[in-house]
Amino acid sequence: MTTPDSPDAPAPSDFIRDIVAADLASGACQRVVTRFPPEPNGYLHIGHAKSICLNFGIAKEFGGVCHLRMDDTNPAKEDVEYVDSIIADVRWLIADWADDVLRFKEDAEPFYASDYFGQLYAYALTLIHEGKAYVCDLTAEQTDEYRGAPDRPGRPSPFRDRSVEENLHLFHEMRAGAFPDGARTLRARIDPHHPNVWLRDPVLYRIRHTAHHHTGDAWCIYPMYDYAHCLSDSIERITHSVCTLEFEVHRPLYNWLLESLPVPSPRPHQHEFARLSLSYTLMSKRKLLALVSEGLVAGWDDPRMPTISGLRRRGVTAAALRHFALHIGITKYNGLTEVGVLEHAIREDLNTRAQRRLGVLRPLKVVITNLPDGHTETVPAANHPLDPALGTRAVPFSRELYIEQDDFAEVPPPKFFRLKPCGEVRLKYAYIIKCDEVVKNADGTIAELRCTADLDSKTGGATSSRKIKGTIHWVSAAHALAAEVRLYDRLFTEAEPEAEGRDFRTCLNPHSLEVLTAQLEPALVTARPEERFQLERLAYLALDPTSTPERPVFNRVITLKDTWAKEAAKS
RNA sequence: UGCCUUAUGGUGUAACGGUAGCACAAACGACUCUGAAUCGUUUUGUCUAGGUUCAAAUCCUAGUAAGGCAGCCA
């Protein structure tokens with residue numbers, strides 16, 4: 001690897017970092033503590049990566065820490081499988097960048113909101129004592145009905161004025177398992193008529209006789225997000241609780257709870273930013289789950305998925321993802337980021353990181369007729385044009401070669417400067433060849449090209465400096481390593497797969513995966529999983545985890561930019 | 001006829017009352033043993049209408065448009 005991880009550049013300022021800086025300057029907080037609080041009900045995706053980079057980045061830049069916390073208050077949806085994948089993804093993303101500010105509990109476990117159930121229960125008792133919460137017997141449907149709608153005021157629950165004693169008694173009974181699921185709830189007593197629906201006596205606890213992945217059978221009542229989240233933040237002494245825009249209308253509730261309870265001071269504050277939307281990409285956990293469960297992709301880590309595990313398997317590095325996250329900025333504007341920005345970040349990272357190799361995706365046989373049968377030699381090839389210190393390797397060259405089908409045209413289009421009948425082209429690191437004859441099969445397809453080489457034109461040779469417009473890649477047929485290469489492309493054909501009420505299933509890209517057997521230079525046999533390679537003139541490759549020495553499998557991370565394809569498309 | 005939020009080139013962002021800048025994309029050119037990379041040049045922008053001010057993308061008012069909010073999900 002050439003220039004390894006250049007240190008991640010400092011993030012440009014944004015409105016949240018401005019708030020943090022101001023709070024530190026004013027003494028509103030001494031040391032910044034942020035948190036990344038995923039619910040373990042799915043795999044993390046690139047939108048989460050934005051949030052991770054923000055929260056860990058703030059902690060790092062301001063000398064604080066960031067907690068990884070499972071926001072696990074709904075046992076019906078959560079699972080340890082997700083907990084494990086989340087931990088792995090976060091560790092991978094921040095490795096060698098912010099692992100020094102990642103805070104776990106003492107036992108190297110993440111924080112869990114469910115660890116606070118006891119304390120949350122005690123806080124609920126306090127609320128009841130102060131007349132700020134009550135047990136409500138309304139069914140879910142009735143609760144909806146009483147709550148009204150955004151443009152329609154609510155009505156008070158008939159149970160809103162129960163005595164403190166009765167509420168205490170009923171809440172104890174709820175906790176003891178005296179009632180079936182859904183029979184009762186604990187609700188905050190705020191204002192049934194409030195213009196913000198989240199303040200119309202929101203539900204704090206519901207009854208669920210369901211085992212929890214982390215607390216087992218200890219509880220049959222579970223706190224709601226709004227109740228658990230602000231108090232978990234407080235318990236962990238979070239200073240800045242950063243979340244996405246849809247929680248904006250919940251902030252008054254977040255504040256109400258913290259101001260209604262005897263929590264330590266200073267208390268945490270919530271700040272919201274716009275979630276990431278990427279063109280040609282679906283981002284919601286539900287939709288990603290649908291892709292997986294309907295078999296539209298091969299799994300959560302399918303290299304076409306925008307999940308962190310999918311991007312990792314595809315061959316995208318953590319540094320590239322971080323660089324992307326840094327570049328897109330943090331605002332309150334709900335925009336659509338072009339996927340090209342991600343692709344640029346990936347190429348920029350791989351360009352410095354990946355050693356160069358030769359390989360042919362769609363082989364076309366070439367015979368060098370002025371070389372004797374069985375002729376074999378090796379030519380030196382640079383491992384990295386940007387870093388000569390990486391040296392060269394010996395690439396076998398022989399009389400029979402493969403070149404790329406796209407690099408020959410019997411009837412060349414305008415501005416085509418690759419190989420054509422009677423035309424010359426340079427074989428990278430080797431000779432200049434001239435195409436003398438096109439041999440065809442019975443069906444008219446091209447069987448092979450017969451060419452002559454200018455034997456003095458090798459690097460350093462007498463005619464090596466001849467100006468030849470085209471240079472193409474090649475591989476020696478006898479020495480080539482046959483390997484499976486998986487060509488990935490965008491999953492959708494529409495920039496906004498769900499625009500105008502469209503079902504995303506109707507715009508799946510049928511060519512999002514193409515598997516072919518490529519002929520690669522033999523040096524690629526020793527490829528290791530953490531390595532990345534550039535197939536010169538084609539693409540960046542990474543070894544797939546399913547690869548074996550007997551059956552090498554490479555994933556195309558991304559193509560090189562292809563100006564010629566654009567030019568060719570014009571005509 | 002509710003509440004909250006947002007609006008700067010094609011896209012994403014910066015400018016904190018004083019020169020509208022950056023990145024991606026696009027176009028053109030140089031260089032090139034990768035039609036890559038690199039380098040250079042260029043195109044395109046403050047939602048609308050009023051107001052305050054010597055001066056407004058920025059402050060005020062009104063409008064328009066977009067997003068979010070009516071789970072015992074998070």
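By convention in this document, chain letters (A, B, ...) are assigned in the order of the sequence lines, proteins followed by strands, and residues within each chain are numbered from 1. None of the values given here were measured: they were computed from a predicted structure.
- When heavy atoms are screened at a 4.0 angstrom cut-off, A:R147 is found touching the sugar-phosphate backbone but no base atom.
- Here A:R152 lies out of heavy-atom contact (under 4.0 Å) with every strand.
- Here, B:G51 and B:U44 have their C1' atoms 30 Å apart, quoted to the whole Å.
- When atom types are taken as modelled, the side chain of A:R275 and the backbone of A:T244 share no donor-acceptor pair closer than 3.5 angstrom.
- The cationic atom of A:R490 (NZ for Lys, CZ for Arg) lies less than 6.0 Å from the six-membered ring centre of A:Y280 and within 45° of the ring axis.
- One C1' atom belongs to B:A56, the other to B:C72, and the distance between them is 50 Å to the nearest Å.
- Between A:H229 and A:Y225, the angle of the ring planes lies from 30° to 60°, which puts this pair in the tilted group.
- Relative ring orientation between A:H214 and A:Y112 is described as parallel, the plane-to-plane angle staying below 30° on a 0-90° scale split at 30° and 60°.
- Nucleic acid contact class of A:L560 (heavy atoms, under 4.0 Å, all strands): base.
- To the nearest whole angstrom, the two P atoms, one in B:C59 and one in B:G18, are 11 Å apart.
- Between B:C16 and B:G21, the two C1' atoms lie 15 Å apart (nearest whole Å).
- A donor-acceptor contact shorter than 3.5 Å is absent between the side chain of A:H213 and the backbone of A:E78.
- Nucleic acid contact class of A:F247 (heavy atoms, under 4.0 Å, all strands): base.
- Nucleotides B:A7 and B:G45 place their C1' atoms 13 Å apart, quoted to the nearest Å.
- Among the protein residues, A:F417 comes within range of the nucleic acid bases, having at least one heavy atom under 4.0 Å from a base atom.
- A:D226 contributes atom CG, which lies 6.0 Å from atom CH2 of A:W198 (distance to the nearest 0.5 angstrom).
- Among the heavy atoms of the strands lying under 4.0 Å from A:D144 are primed sugar atoms or P, OP1, OP2 only; no base atom is included.
- Taking the C1' atom of each, B:U52 and B:U64 are spaced 23 Å apart, rounded to whole Å.
- Ranked by how close their nearest RNA chain B nucleotide is to the 5' end, A:W198 and A:D407 are led by A:D407.
- Donor-acceptor pairing under 3.5 Å is lacking for the side chains of A:Q534 and A:E536.
- The residue A:T563 sits close only to the backbone: its heavy atoms come under 4.0 Å of sugar-phosphate atoms, none of a base.
- Relative to the ring axis of A:Y121, A:R175 places its NZ or CZ within 45° and under 6.0 Å from the centre.
- Residue contacts for A:G335: at a heavy-atom cut-off of 4.0 Å it reaches the sugar-phosphate backbone alone, with no base atom in range.
- Among the atoms of the strands shown, none is found under 4.0 Å from any heavy atom of A:F324.
- The aromatic rings of A:H250 and A:F247 stand perpendicular to each other, their planes meeting at an angle above 60°, with 30° marking the opposite boundary.
- In this structure, A:K332 reaches the sugar-phosphate backbone alone: every heavy-atom distance under 4.0 Å involves primed, P, OP1 or OP2 atoms, never a base.
- For RNA chain B, the contact window with chain A, defined by any atom under 4.0 Å from a protein heavy atom, covers B:G2 to B:A74 in 5' to 3' order.
- Although no hydrogens or angles enter the test, the distance criterion places no donor-acceptor pair under 3.5 Å between the side chain of A:T471 and the main chain of A:K428.
- Nearest-nucleotide positions on RNA chain B for A:L336 and A:G460 put A:L336 closer to the 5' end.
- RNA chain B contains the following stems of three or more consecutive Watson-Crick or G-U pairs, with both distances under 3.5 Å: B:2-7 with B:64-69, B:10-13 with B:21-24, B:26-30 with B:38-42, B:47-51 with B:59-63.
- Base contact: A:R356 has a heavy atom under 4.0 Å from a base atom.
- Atom name P, nucleotides B:A57 and B:C47: the rounded distance is 10 Å, in whole Å.
- Contacts of A:T331 with the nucleic acid, taken as non-hydrogen atoms under 4.0 Å apart, involve only primed sugar atoms and P, OP1 or OP2.
- Contacts of A:R187 with the nucleic acid, taken as non-hydrogen atoms under 4.0 Å apart, are absent.
- For B:G71, the base adopts the syn conformation, since its glycosidic angle falls within 90 degrees of zero.
- Between A:E404 and A:R418 no salt bridge is recorded (no basic side-chain N to carboxylate O distance below 4.0 Å).
- Residue contacts shown for A:E338 include a base, since a base heavy atom lies under 4.0 Å away.
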